[in-house]
Amino acid sequence: MTDTTGQATGHSGEVAVQVARAHGVETMFTLSGAHVFPMYDGAVQTQKEGQGPQVRLLDVRHEQTAAFAAEATGKLTRVPGLAVLTAGPGVTNGISAIAQAQFAGSPMVVVGGRAPQNRWGTGSLQELDQPPIIAPVAKSARTLMTAADVAPGMHEAFTLARSSHRGPVFVDVPMDEFFAPASGEVHEGRAERIEPDPDAIAAVARLLAGARRPVLVLGTDVWADHAEGAALRFVEDLGIPTLTNGMGRGIVPGGHRSLVTKARGAALSGADLVVVVGTPLDFRLGYGVFGGPDKNPEGAFARVVHVADSPAQVSGHAELAGSVAGDLTTVLDGIQDAVERGDRPDWSDWADHLADQVRAATERDAALLTAEADPVHPARIYGELVPRLADDSVVIGDGGDFVSFAGKYVEPQRPGGWLDPGPYGCLGAGLGAAIAARVARPSAQVTLLLGDGAAGFSLMDVDTLVRHDLPVVMVMGNNSAWGLEKGPMQMLYGYDVVADLAQRTPYDEVVRALGGAGETVTDPKQIGPALDRAYAAGVPYLVNVITDVEAAYPRTTFGI
């Protein structure tokens with residue numbers, strides 16, 4: 001328990017939970033394991049107290065789902081998600097989610113069980129030195145060796161996870177120390193803020209003021225850094241054409257004149273200055289190279305500015321004309337203020353040109369979004385789904401080609417409503433993210449987009465949705481193949497192997513067997529009615545749409 005002075009007492013698990021509560025944690029994602037029983041008892045004690053925030057225990061069917069749920073919670077709430085994983089395989093099962101959080105900058109804390117220190121070296125159950133395994137894919141990984149280390153160590157973990165650049169932090173506690181009496185101070189959660197360099201802001205403002213065809217790219221860290229308000233002001237007041245990716249999607253609402261995602265190729269190839277904010281210059285952005293011969297009107301490469309939430313995130317491989325690192329609201333407001341104090345640039349011709357490109361792309365898309373093809377073209381699913389998405393919808397992507405179509409057609413109306421694996425590209429994150437979204441946004445519409453391949457990693461956790469009364473609509477594009485690999489392998493070799501799955505598997509029957517509901521759809525005219533039934537059902541519901549394996553997403557990069 002915690003007294004009025006902020007001193008926590010009890011066993012180590014109770015103290016750890018009190019620290020997590022102080023940092024805003026409301027849910028502990030886990031799969032039962034004896035090494036971490038003290039954390040469960042700590043959560044139960046908060047419920048018995050009946051005062052202040054409680055910590056909900058939410059148990060899943062695979063530790064990867066617990067860790068992916070914590071990662072998604074960090075993304076959605078901007079408070080570190082908490083996964084508690086038992087020792088050995090419990091911890092190693094969570095490593096992919098930890099790596100995804102590191103790549104995506106998602107704040108999360110993973111607490112691992114650990115074999116008892118008083119038996120260390122004698123071969124006790126699941127005795128494994130875990131931090132060295134996890135350290136390469138986390139901001140920090142360490143063992144809290146004694147009960148006295150738990151309170152300060154947990155506070156440090158949460159503070160580090162939520163400070164720029166955000167990411168995953170791992171701690172484990174020896175079992176004997178976890179059960180031992182402990183005490184420690186509990187501090188309110190906070191993040192450390194980085195002050196940007198005013199001279200760097202001024203230099204970027206001069207570059208922007210001198211540009212004739214600028215493009216702004218807003219990424220995940222704009223949302224994570226609470227800078228979505230500043231970003232929208234920047235876009236609307238300056239009238240700059242804008243692209244979004246990751247959790248930057250929705251910061252500029254779908255349909256906004258300045259949102260030129262549908263003209264992405266024309267925007268990036270024709271720009272003379274690209275200002276990238278809050279996302280790495282990785283394969284998704286051509287490694288920071290835009291324009292060039294046969295693309296740019298002048299045959300030149302665009303100048304590139306990289307704006308990041310911390311110095312280590314500024315690109316070290318791209319040729320940059322300028323960069324700024326620090327609190328993104330301060331940076332965006334500072335650049336805007338400096339531009340507006342000078343001769344205000346006129347980008348209206350450039351903006352009009354890209355708006356025309358967006359309209360043309362929208363007209364071209366209409367044919368696929370209404371396609372009557374048999375088997376169903378994946379785009380037709382989005383033609384039916386997009387009009388049914390509520391403004392508060394949380395849309396989660398877990399798949400290859402099928403989810404790539406979502407990136408093309410789904411434009412959220414609000415920030416914080418889009419979840420994808422990010423640059424790590426990990427399949428199997430979807431059920432954990434759906435669980436997190438339903439818990440974090442209990443009144444929102446939650447839609448999980450599943451490839452049939454991705455579903456194989458985690459569909460068993462529909463059982464978790466059912467047991468915890470978490471209704472989610474799952475929409476599957478079922479092409480009976482690993483579509484993201486099948487096409488490229490055929491292109492390279494003229495054939496493909498290990499790329500096919502069982503034909504037309506009725507995954508909806510799996511969902512029904514686990515206590516949910518669903519149906520298989522083969523007729524494009526029935527997609528809309530099936531979606532209506534799913535959203536009205538009030539239970540986990542899978543719409544399993546059989547799609548055309550030949551209708552591959554027309555990608556321009558394979559991530560290499």
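Heads up: numbering here begins at 1 and tracks the sequence. Just so it is clear, the values below take in all heavy atoms, side chains as well, and ignore hydrogens, waters and symmetry mates. From a predicted model like this one, the values you see are computed outputs, not experimental measurements.
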inquiry  = Strictly below 4.0 Å, N to O, side chains only: are R78 and E228 in salt-bridge contact?
reply    = yes

ask   = Hey, which of E411, E236, Q413 is the one that makes side chain to side chain donor-acceptor pair (under 3.5 Å) with H256?
value = E236

task = Would you name the heavy atoms of V304 and E319 that are closest together and state the gap between them?
result = CB-O, 4.1 Å

task = State whether R190 and E188 are salt-bridged, where the test is any N-O pair (Lys NZ or Arg NE/NH1/NH2 against Asp/Glu carboxylate O) under 4.0 Å.
result = no

request  = Evaluate the side-chain proximity of F170 to V91: yes if any heavy-atom separation is below 4.5 Å, no if none is.
outcome  = yes

ask   = Are any side-chain N or O atoms of S164 and backbone N or O atoms of R166, one a donor and one an acceptor, separated by less than 3.5 Å?
value = no

query = Are R388 and T447 close enough that a side-chain donor and a side-chain acceptor fall under 3.5 Å?
reply = no

query = Pick one: which of F283, F68, F103 meets ring pair (Phe, Tyr, Trp, His ring centres under 6.0 Å) with Y424?
reply = F103

message = Walk me through whether N93 and Q64 qualify under side chain to side chain donor-acceptor pair (under 3.5 Å).
response = CA-CA 5 Å; N93 280 344; Q64 69 169 7; over 6 Å; no

remark   = By side chain to side chain contact (heavy atoms under 4.5 Å, CB included), D197 pairs with (sequence neighbours left out) D199, A200

inquiry  = Please verify the inter-ring angle class for H155 with H23; under 30° counts as parallel, over 60° as perpendicular, anything in between as tilted.
reply    = tilted

key: Pairs involving residues 315-337, ordered by first then second residue, that meet ring-ring contact (aromatic ring centres under 6.0 Å, His included) (sequence neighbours left out)   = none

inquiry  = Return the CZ to OH distance between F405 and Y382, rounded to the nearest 0.5 Å.
reply    = 8.5 Å

Atom pair CH2 (W223) and CZ (R249), whose distance is rounded to the nearest 0.5 Å = 14.5 Å

inquiry  = For E363, is there an ion pair with R359 - N to carboxylate O distance below 4.0 angstrom?
reply    = no

Nearest atoms (heavy-atom pairs only) where A308 meets Q313 = CB-CB, 3.6 Å

query = Does any N or O in the side chain of Q445 come within less than 3.5 Å of the main-chain N or O of A390, such that one atom is a donor and the other an acceptor?
reply = yes

key: Flag, side chain of T77 to backbone of T73, donor-acceptor distance under 3.5 Å   = yes

query = Charged N to carboxylate O under 4.0 angstrom, D401 versus K486?
reply = no

